[in-house]
2 protein chains.
Amino acid sequence: MFRGQFVHLISKTGRVSIPSKFRENLKRAYKTSKVIITLFENCLSCYPLPEWEKLEKRILKLPRFKKNTVDFERHLIGNANECEIDTEGRINIPQILRKDLGLNKNLIFVGLLTRFEIWSEKSWNVNSKNSFKNFQRSRDVLDGI
Amino acid sequence: MFRGQFVHLISKTGRVSIPSKFRENLKRAYKTSKVIITLFENCLSCYPLPEWEKLEKRILKLPRFKKNTVDFERHLIGNANECEIDTEGRINIPQILRKDLGLNKNLIFVGLLTRFEIWSEKSWNVNSKNSFKNFQRSRDVLDGI
DNA sequence: TCCATTTATGCCAAAATATGACAAAACCTG
DNA sequence: CAGGTTTTGTCATATTTTGGCATAAATGGA
């Protein structure tokens, strides 16, 4: 499971190292060094390749000419990139995603069990305030499960 | 699978290079360097030849004199062009299609699993706003599948 | 049918970008 | 604080994308 929060520096060329705990989990639980990163709200959502492929299988069952499906794919698949983790544990984040999100200095990695997120420090700070408020409102979400 | 988004420049003569990740997928998954490109909404829809042939087989099963079928064929088949990818990974986009869509500078390539799309930068920007809204509305499209 | 003009193709090389390898710096952990 | 691990920086190399030019093919008009 991916857990916790880490700050890493992204290079001018768009390289950033994945937290070692995340890498370890990728290897142990998913036996892969490939992740799919895609745009989600104001951050990058990162899936271990096997998790992602499950998602794709479901998408392939949809009526693929329908407007809704096409738009859904354009967004979710159209922003998805397969990244191979290199020998020093880094990935390259494609320019287009970097630009969209303003990723240039400190990136925040946030573990979310079966996936993790990458934020620019700035939008993380803005957003975490909101999600804290939201957390306060939704703290009982688990009760009854 | 085709995934992600890439910006490539089209030359005055209508040549543009296919993103290398797409080419790789064409070779690996489809063992072909031929794609069929056709008009779809405001963009070009591009199919690996084997995928296209599957589509044609399905079309042949339709009631071929029905108005809907004829219209569908006129549009989808009537605009279809077979393109061979050259040694530097480029294709030539026929003039008619270029003119119809105003393809002249930056083209956006968008992966959609079994096919990909080519947009002019301008119409992509317009359209992706809409499709994002649609994505927001249809993000539950997968629930229950 | 032939020629002139346009359009497409093949090939080479420059520019931009991504990748690999190595080593220095920062950091945990005991 | 010592020793190992993790993260970051740098440089060299490989790959990808683009531009240019020469040739080939197609098109259209007389």
Side-chain angles (χ1 to χ4, degrees), chain A residues 2-28 32-37 44 46 80-100 103-111 116 118-121, chain B residues 2-28 33-37 44 46 80-101 103-111 116 118-121:
Chain A
F2 301 104
R3 305 185 192 99
Q5 200 179 310
F6 306 86
V7 185
H8 283 189
L9 224 52
I10 187 169
S11 78
K12 273 139 295 278
T13 68
R15 261 179 170 176
V16 65
S17 78
I18 304 288
S20 66
K21 295 208 171 175
F22 288 4
R23 262 149 43 205
E24 199 182 44
N25 187 231
L26 280 166
K27 199 160 87 179
R28 210 183 41 69
T32 186
S33 62
K34 287 191 177 127
V35 290
I36 304 275
I37 69 184
L44 296 175
C46 310
N81 277 270
E82 185 176 314
C83 299
E84 172 87 43
I85 299 173
D86 73 15
T87 46
E88 353 282 306
R90 290 188 277 202
I91 56 166
N92 191 284
I93 300 182
Q95 210 173 17
I96 204 164
L97 295 178
R98 261 141 65 202
K99 214 169 64 182
D100 273 4
L103 307 179
N104 45 42
K105 278 198 157 181
N106 286 339
L107 307 192
I108 317 293
F109 285 75
V110 184
F116 59 93
I118 304 177
W119 292 78
S120 81
E121 192 172 40
Chain B
F2 301 103
R3 309 185 186 103
Q5 209 183 98
F6 305 86
V7 185
H8 283 188
L9 225 53
I10 188 169
S11 78
K12 274 139 295 276
T13 68
R15 260 180 172 177
V16 65
S17 77
I18 305 287
S20 68
K21 295 209 170 176
F22 288 4
R23 262 149 43 208
E24 200 183 45
N25 188 231
L26 281 165
K27 199 160 87 180
R28 210 184 40 71
S33 61
K34 287 195 178 120
V35 290
I36 305 277
I37 69 183
L44 296 175
C46 310
N81 280 268
E82 187 176 314
C83 297
E84 172 86 41
I85 298 172
D86 73 16
T87 47
E88 351 283 303
R90 290 188 277 202
I91 55 166
N92 191 283
I93 300 181
Q95 211 173 18
I96 304 184
L97 296 178
R98 257 140 68 201
K99 214 169 64 183
D100 273 4
L101 294 170
L103 307 179
N104 46 43
K105 277 199 159 181
N106 286 340
L107 307 192
I108 316 292
F109 286 75
V110 184
F116 60 92
I118 303 178
W119 292 78
S120 81
E121 192 173 40

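Residue numbers begin at 1 in each chain, while the letters A, B, ... track the order of the sequences.
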A/K21 atom NZ is separated from C/dT29 atom C1', nearest whole Å, by 12 Å
Separation of atom NE2 in A/H8 from atom C1' in D/dT7, rounded to whole Å: 7 Å
Atom NZ of B/K21 with >12 non-hydrogen neighbours under 6.0 angstrom: yes
Minimum heavy-atom distance between A/C83 and A/I37, given as atom pair plus value: SG-CD1, 3.7 Å
With the criterion being N/O to N/O and under 3.5 Å, what pairs connect the protein with nucleotides 7-17 of chain C, and how long is each?
from, atom 1, to, atom 2, distance (Å)
C/dG10, N7, B/R15, NH2, 2.3
C/dG10, O6, B/R15, NH1, 3.0
C/dG10, O6, B/R15, NH2, 3.4
C/dC11, N4, B/R90, NH2, 3.1
C/dC12, N4, B/E88, OE1, 2.8

Any heavy-atom pair between the side chains of B/L97 and B/L103 that's under 4.5 Å? no
A/E24 CD to C/dC28 P, in whole Å, measures 15 Å
More 5' along DNA chain D: B/S11 or A/P19, using each one's nearest nucleotide? A/P19
Give the rounded distance in Å between these two atoms: CD1 of B/I18 and C1' of D/dT15. 17 Å
Send over the distance from B/R23 CZ to C/dA18 P, rounded to a whole Å. 14 Å
In terms of side-chain geometry, is the basic nitrogen of B/R3 or A/E82 positioned less than 4.0 Å from the acidic oxygen of its partner? yes
Rounding to an integer number of Å, can you tell me how far A/F22 CZ sits from D/dT6 C1'? 15 Å
Nearest-Å distance, CG (A/L97) to C1' (C/dA18)? 15 Å
Taking B/V16's backbone N and O only, do any of them form a donor-acceptor pair with B/H8's side chain (distance below 3.5 Å, no angle check)? no
For a 4.5 angstrom cut-off between non-hydrogen side-chain atoms, does A/L44 reach A/L107? no
Write down the distance between CD1 (A/I10) and P (C/dA18), rounded to a whole number of angstrom. 11 Å
